[in-house]
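Structure, as structure tokens:
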Amino acid sequence: MRVATWNVNSIRTRVGRVVDWLVREDVDVLAMQEIKCKESQFPFEAFAEAGYDVELHGLNQWNGVAFASRLPIEEVTVGFPAAPGFGKVDDAGELPVEARALGVTVAGIRLWSLYVPNGRELDNPHYPYKLEWLDRLREATSEWMTAHPGQPIALMGDFNIAPFDHDVWDIAAFEGKTHVSQPERDAFHALETAGLIDALRSRGVEGYTYWDYQQLRFPRNEGMRIDFILGSAAFDELVTAARIDREERKGDAPSDHVPVVVDLDVETEDDDDRPMIF
DNA sequence: ATGGCTATCAAAGATAGA
């Protein structure tokens, strides 16, 4: 079973690339972030023709998370308990909760597609919002793991945090910036302390997952490692391979992020049905 | 690769990304 996460930066702009990649790379389940559309605008047909069902949470042109899967999707959950909101208070006096978290269960494995708030600037209200969002995510994840002991679970997505200095091309360029601040890194490492393991770093997989469109960042390989798959011990035991698909930053109209992929040693019903090819 | 970003929508400039 092959599982991946990818910040696609608009699914309507990228649908051809994404579906081609799913088929070519033989991916069973993809968590997408920044789909940048609501359900009525989502290109379901292209996924369906390739054999993928889609679940999504999209409210407007910002954010938006989704799953595409050719295995049955169960237990769809929009958002997590006590997720903070951001923006202008609504008629009920509440801050709107953005489309940044979607949970599903596939083949008995609990998976989340997460688009962590950017933070913008250290003195911007988006920054404490980011930290609170991450704290609530950790609490919700711990509660789930306590309630479902032994079930594999993975948090997948764009965390908007570079956990180590070498996860950005030049740490000096990030002085006083978000993504590398100690509170953000503490929030990331708190997820690990809660029992999650970086499926790629723990296996020695190196490389960036994001390169800015500006300043020739990709040709110069001036990127950031901010997209992750964090799995429980039960999930980690299933991982047989892991990689970052740097090739997807090339070619026409790429996303600024690339896919992060893991292979899992999991029996799926489809395996028996798949035709033998000689 | 002699380069200067890309996506969204009240459709032009504003907002957001990181």
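Each chain gets a letter, A, B and so on, in the order the sequences are listed, and its residues count up from 1.
Residues A:Trp112 and A:Phe67 place their aromatic rings such that the two centres sit no closer than 6.0 Å. Ring centroids of A:Trp133 and A:Phe80 are separated by less than 6.0 Å, placing the two rings close together. Aromatic pair A:His179/A:Phe174: centroids not less than 6.0 angstrom apart.
Counting any heavy atom pair closer than 4.0 Å across all strands shown, A:Asp158 reaches sugar-phosphate atoms only and no base atom. Within the nucleic acid shown, A:Asn7 comes within 4.0 Å of sugar-phosphate atoms alone, with no base atom in reach, counting heavy atoms only. At a threshold of 4.0 angstrom between heavy atoms, the contacts of A:Arg14 are confined to the sugar-phosphate backbone, with no base atom among them. Within the 4.0 angstrom heavy-atom criterion, only backbone atoms of the sugar-phosphate kind lie near A:Gln61; the bases stay farther away. Residue contacts shown for A:Asn160 are limited to sugar-phosphate atoms, with no base heavy atom under 4.0 Å away. When heavy atoms are screened at a 4.0 angstrom cut-off, A:Tyr115 is found touching the sugar-phosphate backbone but no base atom.
Rounded to a whole angstrom, the distance from the C1' atom of B:dA7 to that of B:dA18 is 14 Å. Here, B:dA10 and B:dT15 have their P atoms 15 Å apart, quoted to the whole Å. Here the separation of B:dT2 from B:dT6, taken at their C1' atoms, is 22 Å to the nearest Å.
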- Message: The test is side-chain hydrogen bond (donor to acceptor under 3.5 Å, both in side chains); show your working for A:Thr77 and A:Arg110 and say whether it passes.
- Response: CA-CA 10 Å; A:Thr77 305; A:Arg110 190 63 178 161; 2.6 Å; yes
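Near DNA chain B, meaning a heavy atom under 4.0 Å away, there are no residues from residues 244-255 of chain A.
Panel note: side chain A:Arg246, backbone A:Gly207; no donor-acceptor pair is recorded below 3.5 Å.
Every ring pair (Phe, Tyr, Trp, His ring centres under 6.0 Å) that A:Phe188 has, sequence neighbours left out, goes to A:Phe159, A:Phe228.
For DNA chain B, the contact window with chain A, defined by any atom under 4.0 Å from a protein heavy atom, covers B:dA1 to B:dA18 in 5' to 3' order.
Partner of A:Tyr115 under the side-chain hydrogen bond (donor to acceptor under 3.5 Å, both in side chains) criterion, chosen from A:Glu34, A:Gln33, A:His57, A:Glu98: A:Glu34.
Using the six-membered ring where Trp is involved, A:Tyr208 and A:Trp211 have ring planes that are perpendicular, over 60° apart on the 30 and 60° scheme.
Between A:Thr13 and A:His126, the residue anchored closer to the 5' end of DNA chain B is A:Thr13, taking for each the nucleotide with the nearest heavy atom.
Between A:Phe235 and A:Leu111, some side-chain heavy-atom pair lies under the 4.5 Å cut-off.
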